[in-house]
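Working notes, beginning with the structure itself.
If you're wondering where the values come from, they're calculated on a predicted model, not measured in any experiment.
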Amino acid sequence: MENKPVRTRFAPSPTGYLHVGGIRTALFAWLVARQAGGKFILRFEDTDKKREVAGAREHLILSLKSLGLTYDEGPDIGGPLGPYTQSERLTHYQTWAEKLVAAGRAYADPYTPEEVEAFRQEARTKKQPFLFRNHRPENPPAWDGTKPLRFKSDPKPYQWHDEVMGDLHSGPEVIDDFVLIKSDGYPTYNFAHVVDDYEMEITHIIRGQEFIASQPNYLNLYEALEIERPLIATMPHILGPDGKKKLSKRDGAKDVLDYLRDGFLPETLISFIATLGWNDGTEQEIFSREELIEKFSLGRVQKSGAKFDEQRLLWMNGVRIREMPLGDLYEHTKDFWQEEAEQSSDDYKKQVLSLVQERLKYFGELPQLTQFFFTDLPVNPELWQTHKQLKKLEPSEIKSLLEQAKATIADSDFSTDDLTSRLNSLLETTGQKPAVLFSIIRIATTQAPASPGLADTLHVLGKETSLRRIDAMLAAL
RNA sequence: GGCCCCUUCGUCUAGUGGUCCAGGACGUCAGGUUCUCAUCCUGAAGAUCGCGGGUUCGACUCCCGCAGGGGUCACCA
């Protein structure tokens with residue numbers, strides 16, 4: 001373990017998409033590798049043919065790439081210690097399995113699945129944990145590949161260090177004769193990952209909490225295989241909305257790619273997921289990718305699970321959007337404008353964007369925020385009839401004020417400054433409060449319940465559109 | 001049921017014996033910023049630190065017990 005180059009891995013099974021819980025394991029492994037200047041490896045654990053989902057591999061790869069979690073070795077790009085797909089490594093497992101058989105540390109399981117199930121049921125009715133080794137056969141048949149190969153365990157207590165959980169321990173009662181190679185010839189996760197991590201020279205195993213209970217079995221296997229084990233770091237689960245059970249696809253956990261499609265920035269997702277259970281000990285709330293690489297440490301990862309809070313994600317993304325230079329921001333919004341906006345110039349859209357930048361939380365809400373900049377909305381009487389100042393006025397008064405507004409605006413060059421000063425002097429000549437006068441003009445020109453500041457909005461809308469909409473409103477009053 | 005892990009404001013968290021009758025952030029509420037929405041600023045409410053015992057001059061911090069929650073006990077990962 002002395003000064004080996006750091007190599008971490010993310011080893012999903014291609015059974016579906018990645019939600020925030022899954023991506024976090026990947027993120028932390030990636031951070032550990034990048035921080036140490038080591039390698040981050042992707043490995044597909046496809047030893048369960050039944051659960052495999054078509055297209056999942058591409059989807060997983062896309063998810064990692066979209067978030068910028070680049071890997072140095074993997075199924076699609078290869079590497080010196082491949083292949084990186086378990087189904088292509090069957091001979092490796094075979095070799096190690098034979099070694100165990102030869103050493104008397106593995107044996108063929110002679111029972112039928114039904115018989116094993118009966119043992120299991122028996123244990124369950126007795127409310128006892130199921131241990132296969134209680135049924136370990138006296139004279140097992142030779143292993144010919146048609147029966148599962150089981151590990152002949154050596155039950156003993158263990159204590160070990162976990163980079164996140166601290167010092168853990170267990171008794172001999174949790175050690176069992178688990179299956180190494182299934183009757184279909186594929187290895188189990190329990191066996192395959194140990195072999196692969198060793199052969200791929202992995203230095204840190206970073207995985208979810210569900211593996212903590214089987215860790216002693218792995219420790220036992222490392223001994224039988226006579227290989228050194230990597231460092232272990234067990235991540236707490238991210239909890240679903242109920243705050244109890246771990247986040248799962250069944251409960252509607254979203255695909256991380258969906259967040260990207262909704263218009264959340266990859267940087268936000270990275271920062272948000274990292275700080276869900278990790279902080280650097282200061283009061284910093286948002287971290288850039290570079291800061292995370294620099295400051296992350298497994299030792300400061302929370303031991304308890306954390307609930308996923310979308311409100312916080314929304315806030316964080318809003319902060320990032322507001323900080324972003326307009327040009328960069330515009331690049332990111334390319335796919336999110338409404339259809340009608342396609343006819344508008346980049347320059348016009350940039351102006352619109354700068355007006356909504358501070359109220360944008362994610363790009364998916366761009367159309368609803370900017371709709372009136374691109375289309376004339378129908379006159380909506382409800383807007384002034386429910387307005388708490390305007391509803392007290394007669395339509396004739398509104399009409400009169402709007403006509404005066406139209407007159408002064410018509411003479412404007414439509415620069416923001418000129419519009420501002422004209423609107424201000426109109427306030428004086430009419431003796432009206434902004435709440436009344438500005439609201440009338442704003443409603444007339446946008447027909448929207450909310451919009452950016454009036455002068456800015458008029459300036460971007462332009463003279464022609466502004467006057468046309470005022471006329472439409474006048475006609476409706 | 002056995003074993004293992006976890007437990008600070010609604011949420012994410014700071015906190016490693018005294019500086020904590022517990023700090024920050026999100027959210028909420030109130031006020032301010034020439035109209036709306038948002039931003040920004042200010043302020044407020046919000047955790048007897050799961051409970052009960054110890055140890056100590058002193059405990060959120062150490063020890064013991066309990067409770068609650070979670071994980072696991074597959075030829076799934």
Tell me the interatomic distance from [X], atom [atom1], to [N], atom [atom2], rounded to whole angstroms.
X        : N     : atom1 : atom2 : result
A:Met316 : B:U11 : CE    : P     : 17 Å
A:Gln121 : B:A74 : CD    : P     : 11 Å
A:Glu310 : B:U28 : CD    : P     : 15 Å
A:Leu458 : B:U34 : CG    : P     : 18 Å
A:Asn217 : B:G71 : CG    : C1'   : 15 Å
A:Gln284 : B:G23 : CD    : C1'   : 17 Å
A:Leu313 : B:C26 : CG    : P     : 14 Å

Counting side-chain heavy atoms from CB outward, which of [options] is closest to [X]?
X        : options             : result
A:Phe211 : B:A77, B:C6, B:C75  : B:A77
A:Pro129 : B:C37, B:A25, B:G1  : B:G1
A:Pro113 : B:C12, B:U72, B:C75 : B:C75
A:Asp48  : B:G24, B:C76, B:U34 : B:C76
A:Glu285 : B:G24, B:C76, B:A74 : B:G24
A:Leu427 : B:C26, B:U34, B:U13 : B:U34
A:Val116 : B:A77, B:C75, B:U13 : B:C75

OP1 or OP2 of [N] sitting under 4.0 Å from any side-chain N/O of [X]?
X        : N     : value
A:Asn279 : B:A14 : yes
A:Arg51  : B:A77 : no
A:Lys307 : B:U7  : no
A:Arg312 : B:G24 : no
A:His237 : B:G71 : no
A:Arg150 : B:C75 : yes
A:Lys127 : B:C73 : no
A:Gln302 : B:A14 : yes
A:Arg322 : B:C40 : yes
A:Arg300 : B:U16 : no
A:Lys303 : B:C5  : no

Report which part of the nucleic acid [X] touches: base, sugar-phosphate, or nothing (heavy-atom distance under 4.0 Å, all strands).
X        : value
A:Gly208 : nothing
A:Gln311 : sugar-phosphate
A:Lys361 : sugar-phosphate
A:Ser304 : sugar-phosphate
A:Thr15  : nothing
A:Leu454 : base
A:Thr47  : sugar-phosphate
A:Pro452 : base
A:Asn424 : base
A:His169 : sugar-phosphate

Between [N] and [M], how many Å separate the two [atom1] atoms, rounded to a whole number?
N     : M     : atom1 : answer
B:A14 : B:C57 : C1'   : 27 Å
B:C37 : B:G31 : P     : 13 Å
B:G15 : B:G1  : C1'   : 38 Å
B:U28 : B:C62 : C1'   : 38 Å
B:C41 : B:C4  : P     : 50 Å

Fill in: Salt bridge A:Asp262-A:Lys254, side-chain N to carboxylate O under 4.0 Å
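Yes, A:Asp262 and A:Lys254 are salt-bridged.
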Worksheet entry | Expected output: side-chain A:Trp96 to main-chain A:Leu100 donor-acceptor under 3.5 Å |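 Checked: no pair found.
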Worksheet item: Backbone N or O of A:Tyr189 within a donor-acceptor pair of the A:His193 side chain at under 3.5 Å?
Response: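 Confirmed, A:His193 side chain pairs with A:Tyr189 backbone.
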Has [X] got its NZ or CZ under 6.0 Å from the middle of the six-membered ring of [Y], at an angle within 45 degrees of the ring axis?
X        : Y        : value
A:Arg207 : A:Phe211 : yes
A:Arg43  : A:Phe10  : no
A:Arg229 : A:Tyr218 : no

Discussion item. Would you say the rings of A:Phe373 and A:Trp337 are close, in the sense that their centroids are separated by under 6.0 Å?
Written reply: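 Here the rings of A:Phe373 and A:Trp337 have centres that are no less than 6.0 Å from each other.
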Worksheet item: Only one of A:His19, A:His59, A:Lys249 forms a side chain to side chain donor-acceptor pair (under 3.5 Å) with A:Asp255, so which one is it?
Response: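 When A:His19, A:His59, A:Lys249 are each tested with A:Asp255, the side chain to side chain donor-acceptor pair (under 3.5 Å) holds only for A:His59.
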Worksheet item: Pick the nucleotide of RNA chain B nearest each of A:Leu168 and A:Leu131; which residue has the one closer to the 5' end?
Response: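 The answer here is A:Leu168.
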Worksheet item: Given that A:Tyr218 and A:Phe438 both sit by RNA chain B, which one's nearest nucleotide is further toward the 5' end?
Response: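 That would be A:Phe438.
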Pairing partner of [N] (Watson-Crick or G-U wobble, both distances under 3.5 Å):
N     : value
B:C3  : B:G71
B:A30 : B:U42
B:C66 : B:G50

Practice prompt. Would you indicate whether A:Tyr222, at its atom OH, is surrounded by more than 12 heavy atoms from other residues, nucleotides or ligands within a distance under 6.0 Å?
Written response: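 For A:Tyr222, atom OH is crowded (more than 12 foreign heavy atoms under 6.0 Å).
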Fill in: Base of B:U39 paired with side chain of A:Arg359 (donor-acceptor, under 3.5 Å)
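Absent.
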Worksheet item: Any donor-acceptor pair under 3.5 Å joining the side chain of A:Ser183 to the base of B:C75?
Response: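 When only heavy-atom distances are counted, A:Ser183 does reach the base of B:C75 through a donor-acceptor pair under 3.5 Å.
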